Structures are given as C-alpha cells and as structure tokens.
Amino acid sequence: MPEGPEIRRAADALAAAVIDQPLTDVGFAFPQLKHYRDRLIGERIIAIEPRGKALLTHFSNGLTLYSHNQLYGVWKVVNAGETPETKRDLRVRLETAERAILLYSASDITLGPREEIEQHPFLQRIGPDVLDMTLTETAVEQRLLSPKFRRRQLGGMLLDQAFLAGLGNYLRAEILWQAELAPQHKPQDLSPEALQRLAKALLAVPRLSYQTRGQVDENRHHGALFSFKVFHRSGEPCERCGAMIVRTSLSSRPFYWCPGCQK
C-alpha cells in the first residue's frame with residue numbers, strides 16, 4: 001500500500017493536471033454516486049488534499065470526493081478523451097478541456113458536502129498527518145507521551161494511523177533505524193534524548209521521502225536522494241555500525257532492522 005509520501009506526490013500530480021479548470025465530463029462507476037455528475041459538470045476542482053493515505057478532492061460548489069486507494073486503487077493522469085487499456089476497473093473520471101484524472105480499482109469512495117465528508121469514520125480516526133508542515137517535533141513528543149500511546153510498543157504503534165497518519169511499513173523501519181531504537185521500545189521508557197530522536201525522525205524521514213524520492217542526484221549512491229538504510233537490505237552491513245541488517249516479521253508485516261545499533 002502506498003504510504004503518505006507517495007499519496008502526497010500523487011496528489012501533487014493530479015492537482016497540476018486539473019486544478020481550477022472547469023470540468024467538462026464526470027463519470028462514476030458506483031450507482032450511488034452517478035446523480036452527482038450533473039452537479040459537477042462546469043464546476044472546478046479547487047484542491048486535492050491528502051489526509052494520511054486518503055485523498056479529499058474539493059470542488060468549487062462545496063462538494064468533496066473522499067477516496068482511499070487501499071491495496072489496489074491507483075490514480076492516473078491522461079489527456080482529455082483518453083481511456084487507457086487496462087484490466088483495472090475505472091471508478092471515477094474527472095475531465096477538463098485538456099486533461100483527465102482517473103481513479104481505478106479503489107472501493108472506498110464517497111461524495112458529499114464537505115462538512116459531511118469531514119465526519120467520515122477514517123478521517124475521524126486518524127491522527128495528525130506527518131507531512132503537515134505545521135506539525136512540530138514538540139507536538140509529536142507530546143503525542144508519544146500521551147495516555148493513549150505512551151505504553152504501546154513502537155513496532156505496532158507506527159503502523160496505527162490513529163497515532164500519525166501517513167506512516168507505513170517502509171517508513172516504520174527507516175524511522176526506527178534513524179532513531180536508533182528497537183521496535184519493542186515504548187515511549188514511556190525512553191530517555192529524553194531518545195524521545196527527541198524519535199520525534200525528529202518521525203517527521204524528518206517521511207518529509208525527506210516526499211521531497212526527494214524518485215529524484216536523481218548522480219553524486220549519490222544509486223542516484224537516489226532518498227535511499228533505504230535498512231528496508232529491503234537484509235544481509236547487508238549497516239552503514240552506521242557495520243552489523244548485518246536483519247529481516248523479520250512484525251505486526252504481520254516484514255520488518256528490517258540493525259541489531260547492532262538499534263538497542
């Protein structure tokens with residue numbers, strides 16, 4: 001499943017294609033959404049907002065489309081009038097005079113007035129978005145030590161969207177490596193210095209991934225500005241301490257870590 005940085009980059013691409021352009025064609029696969037078509041023709045998409053792993057598409061008439069890709073959903077940008085050949089099922093088509101954005105295979109889609117969509121159960125459940133640039137390290141430290149999270153093991157908690165939205169499996173591994181912590185640690189047991197390292201990594205790693213992953217720097221290893229330190233690197237030496245990176249299973253997901261320096 002894509003994590004917060006991938007969802008936000010997708011939102012950026014969608015917005016660049018269609019933002020503030022009048023909609024010339026709208027299509028929905030689900031019968032309960034089809035009656036919105038006429039209400040959206042001629043309206044504009046004014047914002048495409050990531051919320052963790054969900055997207056909110058805001059229209060100029062006050063309606064908002066909620067979508068969550070889950071495992072199989074994917075958005076595509078095409079030229080107006082195009083429908084690519086694919087085995088995926090087209091769920092949503094939002095088209096302007098020049099470009100169209102298409103949502104395939106997703107099943108969690110709803111549309112309604114913005115204030116109603118804000119009450120969606122997923123949006124009510126999730127915590128602050130790690131890519132919200134107003135979220136501070138101090139606020140993250142306070143959340144780590146809150147009664148709801150202070151006694152939980154980090155390995156499971158970092159996958160819980162109620163803690164911080166947008167985190168996922170590769171970010172979990174990279175954050176814990178960056179903070180030099182093992183997944184069994186609990187926030188209440190950390191020293192002030194370790195807690196500060198963790199809060200910093202919880203924001204810095206996702207933001208670096210969003211800002212640089214996929215960009216090329218020929219002077220960097222493998223050409224990537226963002227490179228995994230432990231994820232998918234089992235059997236390789238840790239660049240910090242030289243110990244072998246280990247792959248195991250944690251919360252029913254593959255987990256990668258360095259037993260040498262993640263004490």
Side-chain angles (χ1 to χ4, degrees), residues 1-126 128-135 161 165-166 210-211 214:
M1 181 185 293
E3 302 182 26
E6 290 73 40
I7 296 296
R8 189 164 290 261
R9 283 197 300 274
D12 292 345
L14 298 174
V18 298
I19 207 78
D20 282 333
Q21 302 299 313
L23 292 169
T24 58
D25 191 20
V26 174
F28 298 108
F30 297 150
Q32 67 270 25
L33 300 180
K34 289 181 181 293
H35 70 280
Y36 285 108
R37 180 182 184 275
D38 290 343
R39 294 177 61 181
L40 292 176
I41 297 291
E43 298 292 339
R44 295 170 293 108
I45 296 172
I46 58 173
I48 299 179
E49 177 190 4
R51 295 279 187 91
K53 300 178 184 181
L55 280 186
L56 300 182
T57 303
H58 300 297
F59 300 96
S60 53
N61 61 355
L63 293 175
T64 293
L65 176 73
Y66 167 94
S67 62
H68 195 302
N69 286 7
Q70 298 173 311
L71 286 176
Y72 303 110
V74 62
W75 282 96
K76 292 185 179 293
V77 178
V78 299
N79 291 326
E82 288 185 356
T83 303
E85 290 188 14
T86 176
K87 294 181 179 179
R88 294 179 177 270
D89 295 321
L90 181 61
R91 306 297 197 193
V92 177
R93 184 183 192 96
L94 301 172
E95 184 168 317
T96 68
E98 295 184 358
R99 306 283 273 171
I101 58 175
L102 314 178
L103 176 57
Y104 289 92
S105 302
S107 57
D108 191 1
I109 305 169
T110 189
L111 179 60
R114 191 165 307 163
E115 59 273 14
E116 291 184 12
I117 296 299
E118 288 288 351
Q119 302 306 309
H120 189 286
F122 176 81
L123 300 180
Q124 291 294 300
R125 181 176 67 83
I126 61 175
D129 193 310
V130 288
L131 295 175
D132 178 353
M133 299 308 292
T134 67
L135 183 62
Q161 299 301 291
Y210 165 63
Q211 293 164 0

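The analysis underlying the following values was restricted to heavy atoms, covering all of them including side chains, and did not include hydrogens, waters or symmetry mates. Just so it is clear, the model here is predicted, and its values are computed rather than measured.
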*Asks:* Which value, rounded to the nearest 0.5 Å, describes the distance between K53 atom NZ and I7 atom CD1?
*Replies:* 8.5 Å

*Asks:* Nearest 0.5 angstrom please: I109 CD1 to R91 CZ, how far?
*Replies:* 6.5 Å

*Asks:* Please list, chain by chain and in numerical order, all residues satisfying salt bridge (Lys or Arg N to Asp or Glu O under 4.0 Å) with D20, sequence neighbours excluded.
*Replies:* R44

*Asks:* So, using salt bridge (Lys or Arg N to Asp or Glu O under 4.0 Å) as the criterion, who are the partners of E43 when residues are at least two apart?
*Replies:* none

*Asks:* Applying salt bridge (Lys or Arg N to Asp or Glu O under 4.0 Å), can you list everything that pairs with R51, at least two apart in sequence or on another chain?
*Replies:* E49, E118

*Asks:* Among pairs that include at least one residue of residues 72-115, which meet ring pair (Phe, Tyr, Trp, His ring centres under 6.0 Å), considering only residues two or more places apart or in two chains?
*Replies:* none

*Asks:* Would you check, one step at a time, whether the test side chain to side chain contact (heavy atoms under 4.5 Å, CB included) holds for D12 with Y210?
*Replies:* CA-CA 11 Å; D12 292 345; Y210 165 63; 2.6 Å; yes

*Asks:* Between CG of L123 and OH of Y66, what distance do you get to the nearest 0.5 Å?
*Replies:* 5.5 Å

*Asks:* Should the pair H120 and F122 be assigned to parallel (<30°), tilted (30 to 60°) or perpendicular (>60°) ring geometry?
*Replies:* perpendicular

*Asks:* Does any pair with a residue in residues 66-87 pass salt bridge (charged side-chain N to carboxylate O under 4.0 Å, His left out), and if so which ones, sequence neighbours excluded?
*Replies:* none

*Asks:* Test your reading of the model: is there a side-chain donor-acceptor pair from Q21 to the backbone of V18, 3.5 Å cut-off?
*Replies:* no

*Asks:* Distance-only, no hydrogens or angles: does the T24 side chain make a donor-acceptor pair with backbone N or O of T96 under 3.5 Å?
*Replies:* yes

*Asks:* A side-chain contact here means heavy atoms from C-beta on lying under 4.5 Å apart; do V92 and S67 qualify?
*Replies:* no

*Asks:* State which residues pass salt bridge (Lys or Arg N to Asp or Glu O under 4.0 Å) with D25; sequence neighbours excluded, sorted by chain then number.
*Replies:* R37

*Asks:* State which residue, out of L94, L55, L65, L56, fulfils the side-chain contact (heavy atoms from CB on, under 4.5 Å) condition with I48.
*Replies:* L55

*Asks:* From L103 CG over to H68 NE2, what is the distance, rounded to the nearest 0.5 angstrom?
*Replies:* 12.0 Å

*Asks:* Between Y36 (side chain) and L111 (backbone), is there a donor-acceptor pair under 3.5 Å?
*Replies:* yes

